[in-house]
Q: 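Shown below is the structure under consideration.
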Amino acid sequence: MYMLFGLYCSFHQVFYYLGELNDSLSYALGAGPLFDVSEDSDHVHTLLAKAIDEYASFRSKAAESSDEAAKVDPRLEEIVERMLDKCIMDRKYQQAMGIAIECRRLDKLEEAITRSENVHAILAYCTHVSHSFVYRREYRREVLRLLVKVYQKLPSPDYLSTSQCLMFLDEPEGVANILEKLLRSENKEDALLAFQVAFDLVENEHQAFLLNVRDRLSAPKSLPSEPVQPGSTNPAPAENENSTASEDVQMTDGSSAITTNVHEADPKEVMYAERLMKVKGILSGETSIQLTLQFLYSHNKSDLLILKTIKQSVEMRNSVCHSATIYANAIMHAGTTVDTFLRDNLDWLSRATNWAKFSATAGLGVIHRGHLQQGRSLMAPYLPQGGAGGGGSPYSEGGALYALGLIHANHGEGIKQFLRDSLRNTNVEVIQHGACLGLGLAALGTADEEIYEDIKSVLYTDGAVAGEAAGISIGLLMVGTASEKASEMLAYAHETQHEKIIRGLALGIALTVYGREEEADTLIEQMTRDQDPIIRYGGMYALALAYRGTANNRAIRQLLHFAVSDVSDDVRRTAVLAL
């Protein structure tokens, strides 16, 4: 038997030098323990690479279809395991992790992590690898779950990294538990870490997740719930223009209520209540938005002389250049709250008509983006004044509603109800257009059923102008949820005769699959095979949004194919943009 192993060992080298790698690998497997994985030679390195590729391929197929699992050669598995063990023994942990991730051996991945000298650094490296090189979303989630398990077993858990993994796994309950544990700690450093985790969440997550985390944080035990609530619900009173004043009063009342209860309540609970209010302020986005506004205002370096020169050199009757100057001003001053140029040139600004007026008013939303406290009072002169619209231009009223959405984008708790009421109280298509876009931005990613029904009713009126915005708005509302509503939208896109509505729905459908990768494949296939070029155009955006930033080879291949073969110029151009 030993002589037979020796023969196999000799044959695999002969076939290697003949360039027959498959036969060479077959004889290497037959050689059993005589095939030395530690030998430092070209043919061993080549055959090990071949063995790992073969094994990784089998494991991938096995994950997709359980029937394939039986086809993995146990001798091949043994060679790969010997290679993994050798890497761990030689302390080449990063190599072992790379092979384990590629071969879907999470047991070996865990072993490589736990046996390394610097577990925190290795975990950080593993997180980076899983985001950069694991292309299947489901498998990436499995790796991240394993990392969370390892993080939680550490003697000194890394709460910041654990929270980031839980955020990618979309598990708000786990994040809320970590925040609560840190907030209740008597160590001040833990409380500061909780604030840092909250800031990271605000930086990287959409509002539905943030609100979910916020709502799962338990109220202080021995304090009444009222003192804590104002901090979290202060955006709600948005029904009148003096809402900011009432918010300020509530905040003051809340803090004084906590102060008056100090002598009655458990000091630990008082401390927790104070910290909780701060964390809820951060999670609502108010704290970071306030800091951003202050920074942008104090570091605003825009040159008004450039705008003045552009304005003077542009032909007054040229509406395209007039609009372009207004857009340039909005982009130059985005988020700074500096609208000096518009206030100094009101007569010149009033020359804008129709959709140019809509865009000019919406530009104020770009300039005041994040100005949550006073956003509505700033836009008050342009907003619809009761009933089905005031005496102003419907274009400026629609633009003002869109501007409110831009100001409250991804932080729309305090303005959603006002935008819903504005949408219900008008039959003017242009105002509906602005209200739909504003509502989509304010309720970004929340998948709110009531708002969906409001927007859907506008869509089903089959008006081209309002319907286009309604299609995009549903996409914004459902962004990244891979909602079943996408099939309803696709069905309506086939029914309607309006090109604008089809285009709006195509973009909306693409938004629903944002970041969902292979989960979106069925919908993408449906859209890209459609006879309507506008729906195929939406399919290109769906591909781009579903696989954004992944460098996925299959998605790139599909886009390259459409970029050169589709009969529609629109689809070909969008395919190139999508790349």
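The model shown is predicted, which means the values in this text are computed figures rather than measured ones. Only this structure's heavy atoms are used, side chains among them; waters, hydrogens and symmetry mates stay out. Each residue takes its place number in the sequence, starting with 1.
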Q: Near Lys278 NZ, under 6.0 Å, is it more than 12 heavy atoms from other residues, nucleotides or ligands?
A: no

Q: Per the side-chain contact (heavy atoms from CB on, under 4.5 Å) rule, which among Leu401, Val458, Val465 passes with Gln432?
A: Val458

Q: Parallel, tilted or perpendicular for Tyr537 and Tyr541, by the 30°/60° rule?
A: perpendicular

Q: Can you see which heavy atom on Val279 is nearest to which on Leu183, and at what distance?
A: CG2-CD2, 3.6 Å

Q: As an exercise, state the distance from CZ of Phe295 to CD of Gln290, rounded to the nearest 0.5 Å.
A: 15.0 Å

Q: Hey, does the side chain of Ser161 reach the backbone of Asp158 with a donor-acceptor pair shorter than 3.5 angstrom?
A: no

Q: Could you tell me the separation between the CD1 atom of Ile451 and the CG atom of Leu423, rounded to the nearest 0.5 Å?
A: 10.0 Å

Q: Checking Arg351 against His322 for the side-chain contact (heavy atoms from CB on, under 4.5 Å) test, could you report, in this order, the C-alpha distance in whole Å, the side-chain angles of both residues, the deciding distance, and whether it holds?
A: CA-CA 9 Å; Arg351 293 198 180 95; His322 186 276; 4.1 Å; yes

Q: Closest heavy-atom contact between Gly538 and Ala506?
A: CA-CB, 3.7 Å

Q: Do Gln526 and Asp530 have side-chain N/O donor and acceptor atoms under 3.5 Å apart?
A: no

Q: Say whether, by atom type as modelled, one donor and one acceptor occur between the side chain of Asn345 and the main chain of Trp348 under 3.5 angstrom.
A: no

Q: Using a 4.5 Å cut-off on heavy atoms from C-beta on, say whether the side chain of Val338 contacts that of Ser302.
A: no

Q: What distance separates Gln417 CD from Asp421 CG, expressed to the nearest 0.5 Å?
A: 4.5 Å

Q: Taking salt bridge (Lys or Arg N to Asp or Glu O under 4.0 Å) as the test, write out the residues that go with Asp569, two or more places apart.
A: Arg572

Q: Report yes or no: do Asn177 and Glu173 form a side-chain donor-acceptor pair below 3.5 Å?
A: no

Q: Is the count of non-hydrogen atoms from other residues, nucleotides or ligands lying under 6.0 Å from Tyr327 atom OH greater than 12?
A: yes

Q: Run the ring-ring contact (aromatic ring centres under 6.0 Å, His included) test against Tyr395 and tell me which residues pass, sequence neighbours left out.
A: Trp355

Q: Strictly distance-based, threshold 3.5 Å: is any side-chain N or O of Thr496 a donor or acceptor partner for the main-chain N or O of Ala493?
A: no

Q: With a 6.0 Å cut-off (strictly less than), is the heavy-atom count around CD of Gln497, excluding the residue itself, greater than 12?
A: no

Q: Ile306 and Asp303: side-chain contact (heavy atoms from CB on, under 4.5 Å), yes or no, with the steps?
A: CA-CA 6 Å; Ile306 294 173; Asp303 190 345; 3.7 Å; yes

Q: Any carboxylate oxygen within less than 4.0 angstrom of a Lys/Arg side-chain nitrogen, looking at Glu180 and Arg184?
A: yes

Q: Closer than 4.0 angstrom, basic N to acidic O: yes or no for Glu449 and Lys456?
A: no

Q: I'd like to know whether OH of Tyr514 has more than 12 heavy-atom contacts from other residues, nucleotides or ligands below 6.0 angstrom.
A: no

Q: Please walk me through it: do Leu346 and Leu342 pass side-chain contact (heavy atoms from CB on, under 4.5 Å)?
A: CA-CA 6 Å; Leu346 289 173; Leu342 298 179; 5.5 Å; no

Q: Heavy-atom count check: over 12 atoms from other residues, nucleotides or ligands less than 6.0 Å from Glu499 CD?
A: no

Q: In this structure, is the centre-to-centre distance between the rings of His131 and Phe168 below 6.0 Å?
A: yes

Q: State the CG-OG distance between Asn354 and Ser359, to the nearest 0.5 angstrom.
A: 11.0 Å

Q: Would you find more than 12 non-hydrogen atoms of other residues, nucleotides or ligands less than 6.0 Å from Phe358 atom CZ?
A: yes

Q: Side chain of Glu518, backbone of Arg137: donor and acceptor closer than 3.5 Å?
A: yes

Q: Do Thr512 and Val479 come close enough that some side-chain heavy atom pair is under 4.5 Å?
A: no

Q: So does Leu364 get a backbone contact from the side chain of His368, meaning a donor-acceptor N/O pair under 3.5 Å?
A: no

Q: Looking at Ala469, is its backbone amide N or carbonyl O close enough to the side chain of Ser473 to form a donor-acceptor pair, meaning the two atoms are under 3.5 Å apart?
A: no

Q: Just so I know, are the side chains of Asp190 and Lys181 near enough to count as touching, which here means a heavy-atom distance under 4.5 Å?
A: no

Q: Under the criterion side-chain hydrogen bond (donor to acceptor under 3.5 Å, both in side chains), I'd like the reasoning laid out for Tyr452 against Glu488: C-alpha separation, chi angles, the key distance, then a yes or no.
A: CA-CA 12 Å; Tyr452 169 73; Glu488 284 181 41; 2.8 Å; yes

Q: Between Asn410 and Leu441, is any pair of side-chain heavy atoms under 4.5 Å apart?
A: no

Q: Measure the shortest side-chain to side-chain distance between Glu189 and Leu193 over non-hydrogen atoms and say whether it is less than 4.5 angstrom.
A: no

Q: Hey, does Leu383 have a side-chain heavy atom less than 4.5 Å from the side chain of Leu404?
A: yes

Q: Is any side-chain heavy atom of Asn425 closer than 4.5 Å to one of Pro384?
A: no

Q: For Ala555, is there any backbone N or O sitting under 3.5 Å from a side-chain donor or acceptor partner on Asn552?
A: yes

Q: Mind checking the CD1-CD spacing from Ile407 to Gln374? Nearest 0.5 Å is all I need.
A: 10.5 Å

Q: Is a side-chain donor or acceptor of Glu429 paired with a backbone partner of Ala466 at a separation under 3.5 angstrom?
A: yes

Q: Could you list the residues that satisfy salt bridge (Lys or Arg N to Asp or Glu O under 4.0 Å) with Asp454, not counting sequence neighbours?
A: Arg420, Arg424

Q: Is the backbone of Gly370 close enough, under 3.5 Å, to the side chain of His411 for a donor and an acceptor to pair up by distance?
A: no

Q: For side-chain contact (heavy atoms from CB on, under 4.5 Å), just list the numbers for Arg536 and Val571, CA-CA rounded to whole Å, side-chain angles, deciding distance to a tenth of an Å, and then say yes or no.
A: CA-CA 6 Å; Arg536 292 203 304 278; Val571 177; 3.9 Å; yes

Q: Work out which heavy atom in Pro220 is nearest to a heavy atom in Leu276; give both atom names and the distance.
A: CD-CD2, 4.0 Å

Q: Looking only at heavy atoms, which two atoms of Ser163 and Val175 are closest? And how far apart?
A: O-CG2, 4.0 Å

Q: Which pair of non-hydrogen atoms, one from Ala403 and one from Thr361, has the smallest distance, and what is that distance?
A: CB-O, 3.8 Å

Q: If the threshold is 4.0 Å, N to carboxylate O, is there a salt bridge linking Asp570 and Arg503?
A: yes

Q: Given the side-chain rings of Phe341 and His333, with only the six-membered ring counted for Trp, is the space between their centroids under 6.0 Å?
A: no

Q: For the NE2 atom of His408 and the CG atom of Leu444, what is their distance to the nearest 0.5 Å?
A: 14.0 Å

Q: Nearest heavy-atom pair of Val513 and Ala520: which atoms, and what distance?
A: CB-CB, 3.6 Å

Q: Does the side chain of Leu283 come within less than 4.5 Å of Leu217's, by heavy atoms?
A: yes

Q: Check whether Thr481 reaches the backbone of Met478 with its side chain - one donor and one acceptor, N or O, closer than 3.5 Å.
A: yes

